There are 2 protein chains.
Amino acid sequence: MSNASKTVSDVINDQFEALTRAEKQLAKSLLDNYPVSGLGSITTVAENARVSTPTVARMVQKLGFKGYPDFQSRLHQEVEATISNPLTKHDRWASNAPGTHILNRFADAIMGNLRQTLTDIDAATFDNVATLLSEPKRGLYFVGGRITGALAEYFFTHMQVIRPNTTLLSSNSSSWPQYVLNMNPGDLLVIFDIRRYEQEMVSLAAAARRRGAEIIVFTDQWASPAVKYAKHTFRVQIEAPSAWDSSVVTLFIIEALIEAVQSSTWDETSERMKTLEGLFEQTRLFRKLG
Amino acid sequence: MSNASKTVSDVINDQFEALTRAEKQLAKSLLDNYPVSGLGSITTVAENARVSTPTVARMVQKLGFKGYPDFQSRLHQEVEATISNPLTKHDRWASNAPGTHILNRFADAIMGNLRQTLTDIDAATFDNVATLLSEPKRGLYFVGGRITGALAEYFFTHMQVIRPNTTLLSSNSSSWPQYVLNMNPGDLLVIFDIRRYEQEMVSLAAAARRRGAEIIVFTDQWASPAVKYAKHTFRVQIEAPSAWDSSVVTLFIIEALIEAVQSSTWDETSERMKTLEGLFEQTRLFRKLG
DNA sequence: TGGAAACTGAAATTATTTCTTCATTTGTGA
DNA sequence: TCACAAATGAAGAAATAATTTCAGTTTCCA
């Protein structure tokens with residue numbers, strides 16, 4: 001039964017529901033700080049999980065291993081596979097050198113941010129936002145601040161291909177009232193507002209809300225004041241070993257949303273993309289002929 | 001004696017010359033594929049190194065450990081330190097979402113891209129580019145395509161704060177010749193060109209090169225044709241479980257570069273940022289008074 | 001070349017780990 | 001509330017690991 005390609009953690013997860021209370025407690029302990037927490041003796045593992053050694057022995061057999069030593073040697077193989085990954089090696093070398101390279105430090109921070117953000121994020125929120133974004137009747141507006149404007153533009157550029165009725169607000173706040181004027185109830189306004197929150201964003205959110213628009217806010221863990229008008233909020237971890245905040249994780253969520261919307265509306269979208277290809281082709285021809 | 005910060009491998013290396021023949025043989029076996037090779041029982045380790053168990057027991061004591069279990073628990077700690085590095089953790093993303101949720105699949109893909117990119121990337125290239133970018137005499141130009149334009153803009157917005165003499169090329173290629181006209185030898189042109197490579201990019205790169213500009217290209221693993229004019233190239237992994245390519249890792253490198261440049265020119269940059277703050281403040285005042 | 005010192009691993013001993021048994025506890029449905 | 005099944009851990013048995021002893025071997029120097 002035990003597929004050779006499955007990791008120990010896969011096996012634990014697969015059978016988790018079939019485990020008893022004490023075993024679940026043990027399983028959690030093993031998955032927490034996996035796979036290192038399974039490296040010690042059966043006694044140590046049992047103590048760490050606050051269960052008895054027989055519980056450990058029984059569970060590993062229940063999971064399909066011949067016994068604790070068998071279970072542990074599998075873990076050793078996984079540790080080996082993880083550690084002999086070139087990047088890990090690179091990292092170990094670099095950490096010997098004084099002052100780790102900025103690339104490594106940045107990678108560490110980003111990974112931490114991504115992990116934390118994904119832990120915090122509510123899958124239901126994500127799915128709801130994806131659904132809202134994929135309804136073509138709703139007008140779709142994007143707006144960002146000085147730094148986040150590029151993110152708004154990135155999101156906009158993709159959504160513009162996927163669906164009609166999509167608008168990017170100029171980063172110049174004096175022109176915003178005109179956009180609000182055209183919003184209808186049920187339209188969506190996607191706001192990016194990160195740290196040094198921009199005062200005008202709150203006013204914009206309030207005005208759009210009064211027009212009946214639904215508001216989605218991308219902000220940081222401290223939350224822009226605009227969230228009080230928001231139907232859905234994404235709080236993203238943005239800290240990096242830098243004088244600037246990081247937008248990497250925000251971009252990650254944007255791309256995931258793009259894909260979620262795209263795949264839920266694939267029929268129409270693929271048509272649109274074909275048409276768009278044709279238009280590009282024509283443009284090129286114009287140039288050559290002209 | 002044994003400095004707490006010394007790794008087991010350090011200890012072995014330090015005392016290597018004082019070891020006997022069989023012990024050296026064992027030491028080599030341990031260092032080869034370190035630290036995983038020391039994970040098993042004393043018997044296993046002895047067998048792998050083709051020495052007897054007493055040799056192992058004697059050597060670990062000679063190295064200053066209380067015994068084999070002591071030696072091994074030290075190794076476990078090191079494995080833990082290596083593995084619990086955020087970069088190597090790739091399981092359990094959004095714990096509340098099912099494993100097949102787009103967020104989790106995306107996270108896996110991005111992680112893979114980041115690892116691969118970091119493995120491929122040359123730290124020297126990175127440092128050289130950071131140095132080039134931080135020389136204020138060089139004019140700095142950014143250009144991107146339809147999708148990557150937002151990345152160019154993001155990079156530009158930050159660099160514009162950090163240093164003077166920075167320009168973002170319009171995404172409309174018909175205006176590019178005018179920019180090239182103003183380029184001087186030694187100026188830098190940062191090009192983003194990812195898949196569906198845009199023909200005009202190559203022409204732009206060639207023209208800029210003829211004017212004596214140095215060219216830096218951000219592209220994907222298949223490489224834009226513009227790289228043949230490039231002084232430095234970043235090849236980024238861009239594949240995602242999506243109809244679209246992912247820009248997350250590209251943004252990661254951009255942010256790391258921003259930080260590298262910023263920290264190397266902190267004195268001037270901090271002055272500039274203070275001045276900028278003052279300007280923002282004035283703008284706000286204007287509005288209130290006006 | 002002889003002999004002492006150092007090295008090595010087989011084997012015995014000791015310590016620890018792993019597994020099994022079984023009594024107690026916990027939970028569940030009649 | 002009771003009876004039964006399932007779960008759990010204490011305790012001991014079995015297995016394995018770690019250490020020590022010791023005798024054979026090698027090395028090195030006079």
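Below, each value reflects all heavy atoms present in this structure, side chains not excepted, and no hydrogens, waters or symmetry copies. Given the structure is predicted, the values throughout are model-derived calculations rather than measurements. Here is the naming used below: chain letters follow the sequence lines, and residue numbers restart at 1 for every chain.
Remark: S52(A) is not in phosphate contact with dT8(D), judged by side-chain N or O atoms under 4.0 Å from OP1 or OP2. Residue T20(B) has no polar side-chain atom (N or O) positioned under 4.0 Å from OP1 or OP2 of dC7(C).
For the side chain to side chain contact (heavy atoms under 4.5 Å, CB included) criterion with I253(A), the lone passing option out of L257(A), L251(A), T250(A) is L257(A).
A straight line from CG of D70(A) to P of dT16(D) spans 13 Å, rounded to a whole angstrom. In this structure, L19(A) atom CG and dA6(D) atom P are separated by 16 Å, rounded to whole Å. Atom NZ in K66(B) sits roughly 14 Å away from atom C1' in dT19(D) (whole-Å rounding). For the pair F65(A) CZ and dT18(C) P, the computed distance is 15 Å after rounding to whole Å. Protein atom CZ of F71(B) is 16 Å distant from nucleotide atom P of dA17(D), rounded to whole Å. Separating the NZ atom of K62(A) from the P atom of dA6(D) is a distance of 11 Å, rounded to the nearest angstrom. dA11(D) atom P lies 17 Å from atom CD1 of I42(A), rounded to whole Å. Atom pair R21(B):CZ and dA6(C):C1' shows a separation of 12 Å (rounding to whole Å applied).
Within 6.0 Å of NZ in K28(B) there are 12 or fewer heavy atoms belonging to other residues, nucleotides or ligands.
Which of dT18(C), dT20(D), dA17(D) sits closest to the side chain of A57(B) comes down to dT20(D). Checking dA18(D), dA10(C), dC19(C) against every side-chain atom of P54(B), the shortest atom distance belongs to dA10(C). Of the candidates dG9(C), dG9(D), dT18(C), dT18(C) carries the atom nearest the P69(A) side chain, counting heavy atoms from C-beta on. Of the listed nucleotides (dT18(C), dA11(C), dA17(D)), dA17(D) has the atom at the smallest distance from the side chain of T43(B). If you check dT8(C), dT20(D), dT20(C) against the side chain of Q61(A), the one that comes closest is dT20(C).
Within the 4.5 Å cutoff, the side chain of T44(B) has no heavy atoms near those of the H76(A) side chain.
Aromatic ring orientation, F142(A) versus F155(A): tilted (interplanar angle from 30° to 60°).
Smallest separation of non-hydrogen atoms from L132(A) and H232(A): CD1-CD2, 3.8 Å.
R58(B) comes within contact range of at least one nucleobase, with a heavy-atom separation under 4.0 Å.
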